[in-house]
There are 2 protein chains.
Amino acid sequence: MLEQNRVPYGVDKLRRAGLRPTQQRVALAELLFADGDRHITAESLYDEAVAKGVKVSLATVYNTLNQFKDAGLLREVVVRAGKSYFDTNTTTHHHFFDEQTGSIEDIDLDVDEEDLRELVKVPNGKCITAVDIVVRLRDERV
Amino acid sequence: MLEQNRVPYGVDKLRRAGLRPTQQRVALAELLFADGDRHITAESLYDEAVAKGVKVSLATVYNTLNQFKDAGLLREVVVRAGKSYFDTNTTTHHHFFDEQTGSIEDIDLDVDEEDLRELVKVPNGKCITAVDIVVRLRDERV
DNA sequence: GTAACTGCAAAACTTTTGCAACCAG
DNA sequence: CTGGTTGCAAAAGTTTTGCAGTTAC
């Protein structure tokens, strides 16, 4: 009975996504999805995993993040050339990006996605996969 | 008289931007600004320069693009992790990004920038440097 | 048992940097 | 001349890949 409570929360989530719940994937899923929305990079998640004693390699973190993204568990946020960010919130929303600290925050923005899509004249034969809004920030000069 | 017409268009532009009009900068400026708005990467501009017989190294193309950006002659467009795009149109506007071909197009989008800025609750002590909208495209499935 | 997955190291790619040679003013 | 600029190669940073060994089922 006690043992059952040890089954990590992430296992079901992985199975549902069609991913075999291996040690590394379960551990990373726990880190990612345990509490609320998170914005991470491969490097930051790897550091976190190592700090918590999870045995995983950086290459596996990269691979796992891409697998999670392909499975729809994560969303990639493109805010900076040369670095990949991932967001555990896969619903439609937008981001602040602090250019000085490199940190990402969700925007509490009430833009009607449908309105925006209708304003745009999509090229023939193409369809929209996503509309991303990034509001770039820096310190207010005093 | 005839000789005067040979002075490349880019020289003045560079001087005004505080950049010494060297051979490579002038040649790259000609490629970039000669005809209308362009979206390029370091690699694509380097290939183009080499194809036209311009003597320049890839490192110099990278350095030059960053100098032009810092001088306000170019704007960086972040649409894909791991690759830097630049836009010769430095006015406020937004972009289509074709995820399959990697090509960028300007959007004919009539979003009131001020409206958007007012909708967003900017964190304390921060100010907005830019609002970027990227509409991601792929082929319509038939 | 076996196919899927991981770890490691190496490779691939993009971008930056150090420094001797070069060139614009 | 002289300092800013360039070219080259090397380094740095991020991400992917190949393959032998391991693991989930």
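Lettering of chains follows the sequences in order, A, B, ..., and the numbering in each one begins at 1.
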*When you get a sec, tell me which of D:dT6, D:dT16, C:dT17 is the closest nucleotide to the side chain of A:A59?*
D:dT16
_From C-beta outward on B:K83, which listed nucleotide comes closest to its side chain: D:dT17, C:dT14, D:dG7?_
C:dT14
_Pairwise 5' ranking along DNA chain D for B:T22 and B:G82, keeping only the more 5' one_ = B:T22
*When you check the gap from the basic side-chain N to the acidic O, do A:K52 and A:E30 get nearer than 4.0 Å?*
no
*Any side-chain N or O of A:Y62 less than 4.0 Å from the OP1 or OP2 oxygen of D:dT16?*
no
*Has the side chain of A:E76 got a donor or acceptor atom that lies under 3.5 Å from a matching backbone atom of A:S84?*
no
*Remember a base hit wins even if backbone is also touched, and classify B:R15 as base, sugar-phosphate or nothing at under 4.0 Å, heavy atoms.*
sugar-phosphate
*Is B:D132 salt-bridged to A:R136, going by a charged N under 4.0 Å from an acidic O?*
yes
_Please determine whether a side-chain nitrogen or oxygen atom of B:Q23 lies at a distance below 4.0 Å from atom OP1 or OP2 of C:dA24._
yes
*Describe the nucleic acid contact of B:N66 in one word from base, sugar-phosphate, nothing, applying a heavy-atom distance below 4.0 Å.*
sugar-phosphate
*Report yes if some heavy atom in the side chain of A:D139 is under 4.5 Å from a heavy atom in the side chain of A:Q100; otherwise report no.*
yes
_A:S57 side chain near C:dG7 phosphate (N/O to OP1/OP2, under 4.0 Å)_ = yes
*For A:S84, report the nucleic acid contact type (base, sugar-phosphate, nothing); a contact means any heavy atom under 4.0 Å.*
sugar-phosphate
*Taking OP1 and OP2 of D:dT23, is either one under 4.0 Å from a side-chain nitrogen or oxygen of A:R20?*
no
